[in-house]
Protein chains: 2
Amino acid sequence: MHKRAERILMSPTRHSDALRAAQMYYLQDLTMDAIARELRTSRSTVSRLLSSARESGLVQIQIRNPLDTGPELESLIRDTYNVDAHVVPVLETLNEAETLDRVAMQAARTIGPLVDSNAIIGVAWGSTLSAVSRHLTRKITHDCVIVQLNGAGNMHTTGITYASDIMRRFGSAYGARVEQFPVPAFFDHAATKTAMWNERSVQRILELQSRMSIAIFGVGSVDADYPSHVYAGGYLDESDLGILAGSDVVGDVATVFFRGDGSSDGIVLNERSTGPALAELKQVRRRICVVSGASKINGLRGALTAGLATDLILDEASARRLVGFDGAA
Amino acid sequence: MHKRAERILMSPTRHSDALRAAQMYYLQDLTMDAIARELRTSRSTVSRLLSSARESGLVQIQIRNPLDTGPELESLIRDTYNVDAHVVPVLETLNEAETLDRVAMQAARTIGPLVDSNAIIGVAWGSTLSAVSRHLTRKITHDCVIVQLNGAGNMHTTGITYASDIMRRFGSAYGARVEQFPVPAFFDHAATKTAMWNERSVQRILELQSRMSIAIFGVGSVDADYPSHVYAGGYLDESDLGILAGSDVVGDVATVFFRGDGSSDGIVLNERSTGPALAELKQVRRRICVVSGASKINGLRGALTAGLATDLILDEASARRLVGFDGAA
DNA sequence: AACCTATATGCACAAACGTGCAGAACGGAT
DNA sequence: ATCCGTTCTGCACGTTTGTGCATATAGGTT
């Protein structure tokens, strides 16, 4: 009755045909035509079989960049910030949206191979993560859990994709259970947070978060050209924004704010925020930060200085600004 | 001066162009045309960049078969012989040579991902291994060693590709040092072998063999349609062949013979053979057996019964015969 | 049985791709 | 500077591949 057959289940024979086709195409270099003859079907069907083999994660394509010979940009970032950098080649003339799309696609495919069975994957929300979630490639895993990193207030929803959509996409890409975090992004009063944090339903999520093996997030930057929706989306009121402007806060990760030197102590807003404390986040083995758009550079610098990420995926222009040489060579 | 620039060293800019192209093509789904415009070159150059990225191992394509849903043939073999089976889909109407070629290609690409830095890889010789060696894809590793498993007598050379060629191809695919085993396949007298085995030059090889992390070999079968060249190539004389025929020997791995029940004790020929004793071979963590051609089935059964392989790559027809149902369903 | 909906197939066309070839660019050697 | 051998490049062509559309097929509902 419903139209949403979200989980794509291939019939067994179709699945095994896809496998055979993939083997013949990618491992034996046969043409689709030749494969079609062997499978007694049409070439176009083979083309579609191969598509589904790729989409379903049956075929894994990955690019291993021998670190030593790689572009010096990545090594430079690696050395400066102690983070595994993946620079996405993007023509500088593209607009923000196109850049984001390409960064997101490459991020999604870079993340894929890192996800394994029994992983607990923390996911933030925001336009970056939304874009990433739209490009995930399927991968068959067992007993993975996707857990939401921070609440997503729902007073305004200004066209931004809901956090739950992001989570759902991650969940269905990896066949994982999804655990949402049903609290607002910010509480109005720190006391309410304290109270909620003692609720068993919330503690269950916090407990999951404490056992995360992978965390995936973007960064917000207070001075971004078009600011993260955290700053613009009505989550914070005038006085909150005033406080931020008056302090040295440069950005946030999962609605937890920090200063340019990576510190976050004494930022009162964080007491009402629902994201994981930075110290807690840093317990996670693999922390993947995705950034697109050079205007987030200040927030990003802070996040890296704070050591929040182990892996960084960002566009080339931002990468260049990050290490200093903006324009030419 | 010399023409052999065996090791393909790409210029740094070409290498980084290849990397960028690969990222854009495989990770961002751009067309070669679009990539060409971004790299300010022609589409055909991009096509070639991508080829070289694949060949040089920059792009790794692998097929992960979710074991539970996989073709039941593989599970059946796995359960019967306790070996990780990779069945290569091949049309049964193909001739031996074509089948071998396709099995070899898929074997080569299956082996690739298993090779890692610091591996010591033992390699046998024979027509199967020769075919495999011709299809290896490059992979950048550090400090790997390729060590020859058994001597290759050189009295006859009847058009068979030399063992040293096989070794060399493995070596250059993985950027590994190659250690040949400069002894005949069989000694005429066991005493000579004993003497040689005390030579330091030989002991160095034996020591390497004892530390192998991967071994790759085919099987010989005494009753094969066109027998392994061990049986036909003049390595053994009339009386030797008589002994084999008179015993219950079914086949060999790296010129070491065994019976159908997997035993090898008391086979006198083995005392003059230069391959690793079966017990020694079984110390190796990963033992990959490649088989093409259903006529090797008896030798293969013996080898599997002896537990010589941890991984088995073979064509579909042989796989079917191996588990019983030859013809139809 | 009749119907409906969702999915799979093959055809035909357009888009994307690989490769032989001839000329350009490079890098020594003389 | 000139020569020669090698490698790289772009073009042009034929091949291979993706995809909209119309049709067929399967699965479920009335």
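Just so it is clear, the model here is predicted, and its values are computed rather than measured. Quick note on labels: first sequence line is chain A, next is B, and so on, each numbered from 1.
For the OP1/OP2 pair of D:dC11 and a distance below 4.0 Å, the side-chain nitrogens and oxygens of B:Ser42 include no atom meeting the criterion. In terms of phosphate contacts, B:Thr41 brings no side-chain nitrogen or oxygen within less than 4.0 Å of OP1 or OP2 of D:dT9.
Here the C1' atom of nucleotide D:dT16 and the OH atom of A:Tyr25 are 8 Å apart, to the nearest Å. Protein atom CG of B:Leu30 is 16 Å distant from nucleotide atom P of D:dG18, rounded to whole Å. If you measure from atom CG of B:Asp17 to atom C1' of D:dT9, you get 13 Å, rounded to the nearest angstrom. Going from atom CE of B:Met32 over to atom C1' of D:dG10 covers 15 Å, rounded to whole Å. What separates CZ of B:Arg37 from C1' of C:dA16 is a distance of 12 Å, to the nearest Å. Rounded to whole Å, atom P of D:dT16 lies 15 Å from atom CG of A:Leu50. One atom, CZ of A:Arg48, and another, P of C:dG10, lie 9 Å apart when rounded to the nearest Å. In this structure, the CG atom of B:Asp33 is 11 Å from the P atom of D:dC11, given to the nearest Å.
Listed nucleotides C:dG10, C:dC17, C:dC13 differ in distance to A:Arg43; the shortest reach to its side chain belongs to C:dC13. Here the side chain of B:Thr31 is nearest to one of D:dT16, D:dG10, C:dA16, namely C:dA16.
The pair B:Asp315-B:Lys296 does not meet the salt-bridge criterion, since no charged nitrogen lies less than 4.0 angstrom from a carboxylate oxygen. A:Arg168 has a carboxylate O that lies under 4.0 Å from a charged side-chain N of A:Asp165, or vice versa, which qualifies the two as a salt bridge.
Residues B:Gln28 and A:Gln106 bring a donor and an acceptor atom of their side chains to less than 3.5 Å of each other.
Atoms CG and CD1, on B:Leu136 and B:Ile216 in that order, are 7.5 Å from each other to the nearest 0.5 Å.
Within the 4.0 angstrom heavy-atom criterion, base atoms lie near A:Ser44. Among the atoms of the strands shown, none is found under 4.0 Å from any heavy atom of A:Ser51. B:Ser47 comes within 4.0 angstrom of a base, heavy atoms only.
Taking 4.5 Å as the limit, some side-chain heavy atom of A:Leu314 sits within range of a side-chain heavy atom of A:Val87.
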